[in-house]
Amino acid sequence: ASNILALASTEQKNDALIAAAAAVRSARDEILTANYKDMEIAKGRGLTGAMLDRLLLDEGRIEAIAKSIEDIVTFKNPIGDILETVDRPNGLKISRVRVPLGVIGVIFESRPNVTADAGVLCLKSGNASILRCGSESAHSSRAIHACLTEGIKSAGLPEASIQLIPTQDRAAVSALLGLSAYVDIIVPRGGKGLIERVQNDSCVPVMAHLDGICHIYIDGDAELKKAVDITLNAKMRRTGICGSAETLLIDQKIIDSHLLPVLSKLRENGCEIRGDKKVIEIFAGAIEASEEDWSTEYLDAIISVRIVDGVTGAINHIAQYGSQHTDSIITENAIAAEKFLNEVDSAIVIHNASTQYADGGEFGMGAEIGISTGKMHARGPVGLEQLTSYKYQVRGNGQTRP
């Protein structure tokens, strides 16, 4: 399938995606029924509210899945783009041309929309994909995958272009991770345990992020309303996604003016506050943070709060405890903002906006297959272009090397 997809036309791939989006809308009731089964099983297993939110599908979210598939249709097909051309003095003409990666294995947990996001991004970028969903989303993922398969077949592409591993047996993951002769890259999306296992056991190159320990730093020159609004959104919009802020850092200069309004708003919206000793002294509702809290990805309505000595203190804290995912500074001081943006070594650094913008769709990429915090191949949101490599095409006229 990957060989055929690598040569498939833009029109043929787009036809498959348009048909798949239509199939998702037509199968709305079937998808909702499948998701209800998953939700009931998940509740019985005692999943947290945040994890249940990641699993839940409703009519709005199903429409969003269909719309995200259609959005990918509007994006330029990256395959075949000439990235660079060089004419050598000896007459050789060298072109660097974008090509697919080949076969991509995607291992994910509770978010069933990843079935569509991963499958269609791989397809549009000319890659075959092997998807392995978590047991929590098995029924929902199968229902969505059936729609993708319907679209693929209607466009005359191989049914195996997007495969969904049919078993939830953990041995299937081990088997996939050993297929270095057939699979070109593995992309895991899920909790720390899953990603650690994949990174430790895979014989195939891995593109992933281990933790999403995202920080909001409120600088001494932060506007109060922005500080309150951005922090609340960064933490509470959706607590179970990797771009949710887990630690709040506040400049010691503005403790008196900013600390209580920001923490009070978080608390009003159901967020648990875990603070250092200074925070506990000022904010009665806080409990003492442990050393472990500073490096914990809660994925829940919990935030750790520390007072720091200016932007340098914030940068030092992030360097020690962060996961190189997404970190944001709130300030009206351009010099402090530039220092933060330049010195924080994360895949995404933000000024005066929520960490929840860490998303390929918000970056104009359409859907994303995940966010990479590594420094090899791709970093940040992984969209169409990040799912490609390149090769050199060299055209000569009889040249031999002296």
Side-chain angles (χ1 to χ4, degrees), residues 16-17 19-72 104-123 129-153 159-170 172-173 176 187-191 193-195 198 238-242 299-300 359-361 366-370:
L17 298 180
V24 167
R25 290 192 175 99
S26 296
R28 180 191 63 187
D29 292 342
E30 290 88 341
I31 295 172
L32 287 172
T33 299
N35 186 248
Y36 177 80
K37 293 178 183 177
D38 286 333
M39 290 293 292
E40 290 301 300
I41 294 170
K43 289 173 185 175
R45 293 178 180 175
L47 266 67
T48 66
M51 295 303 290
L52 290 172
D53 178 65
R54 296 177 79 161
L55 176 60
L56 175 66
L57 294 176
D58 54 26
E59 291 189 10
R61 290 186 178 181
I62 292 173
E63 174 58 26
I65 290 172
K67 183 66 167 59
S68 72
I69 297 173
E70 291 173 336
D71 287 344
I72 297 302
I104 300 176
V106 185
I107 304 170
F108 59 98
E109 293 183 327
S110 61
R111 294 179 66 181
N113 63 293
V114 176
T115 307
D117 290 349
V120 302
L121 280 170
C122 289
L123 183 74
S129 55
I130 302 174
L131 312 180
R132 205 283 188 174
C133 67
S135 58
E136 299 91 348
S137 62
H139 295 93
S140 307
S141 294
R142 280 196 287 267
I144 294 169
H145 177 256
C147 300
L148 303 182
T149 300
E150 185 177 331
I152 291 166
K153 290 167 65 177
E159 186 173 338
S161 297
I162 304 174
Q163 301 178 42
L164 181 69
I165 294 176
T167 177
Q168 295 306 305
D169 192 327
R170 288 172 62 86
V173 174
L176 179 61
V187 181
R189 288 188 64 170
L194 167 68
I195 295 172
V198 170
R238 291 188 69 182
T239 60
I241 65 174
C242 62
L299 298 174
D300 203 350
D359 176 85
E368 66 172 38
I369 202 171

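Just the heavy atoms: all of them, side chains too, but no hydrogens, waters or symmetry mates, feed the values below.
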*Considering all heavy atoms, the nearest L52-A42 contact*: CD2-CB, 3.7 Å
*asked:* Ignoring hydrogens, what is the shortest heavy-atom contact between S68 and I65? Give both atom names and the distance.
replied: OG-O, 2.7 Å
*Check L164, I165, T167 against R132 for a side-chain contact (heavy atoms from CB on, under 4.5 Å) and give me the one that passes.*
I165
*Determine whether I162 and C122 make a side-chain contact, defined as any pair of heavy atoms from C-beta on separated by less than 4.5 Å.*
no
*Any salt bridge (charged side-chain N to carboxylate O under 4.0 Å, His left out) pairs touching residues 40-55, not counting sequence neighbours?*
E40-K43, D53-R61, D53-R238
*Which atom of P112 lies closest to which atom of I144, heavy atoms considered*: O-CD1, 3.6 Å
*Point-to-point distance, once rounded to the nearest 0.5 Å, from CG of L57 to CZ of R111*: 10.5 Å
*Determine, stepwise, if the pair S140 / K37 fulfils side chain to side chain contact (heavy atoms under 4.5 Å, CB included).*
CA-CA 8 Å; S140 307; K37 293 178 183 177; over 6 Å; no
*Nearest-0.5 Å distance, CG of residue L17 to CG of residue D71*: 11.0 Å
*Could you grab the distance from atom NE2 of H145 to atom SG of C133, nearest 0.5 Å is fine?*
10.0 Å
*Between OG1 on residue T33 and CG on residue D38, distance to nearest 0.5 Å*: 11.5 Å
_Audit row: F108, V187, side chain to side chain contact (heavy atoms under 4.5 Å, CB included) steps and yes/no_ = CA-CA 8 Å; F108 59 98; V187 181; over 6 Å; no
*For the residue pair I241 and L299, what are the closest heavy atoms and their distance?*
O-CD2, 3.7 Å
*Enter the distance from L32:CG to D58:CG here, rounded to the nearest 0.5 Å.*
7.5 Å
*Going from CD on Q163 to OG1 on T149, what distance comes out if it is rounded to the nearest 0.5 angstrom?*
9.5 Å
*Salt bridge present between E63 and R25 (N-O < 4.0 angstrom)*: yes
*Taking all heavy atoms of N35 and all of L55, pick out the closest pair and write down the distance.*
ND2-O, 2.9 Å
*Which is it for S141 and L131 under the side chain to side chain contact (heavy atoms under 4.5 Å, CB included) test, yes or no, and what are the steps along the way?*
CA-CA 10 Å; S141 294; L131 312 180; over 6 Å; no
*Search all heavy atoms of H139 against all heavy atoms of I41 and return the closest pair with its distance.*
CE1-CD1, 3.9 Å
*Residue E159 excluded, over 12 heavy atoms near CD under 6.0 Å*: no
*Trace of the side chain to side chain donor-acceptor pair (under 3.5 Å) decision for D300 with T48*: CA-CA 8 Å; D300 203 350; T48 66; 5.2 Å; no
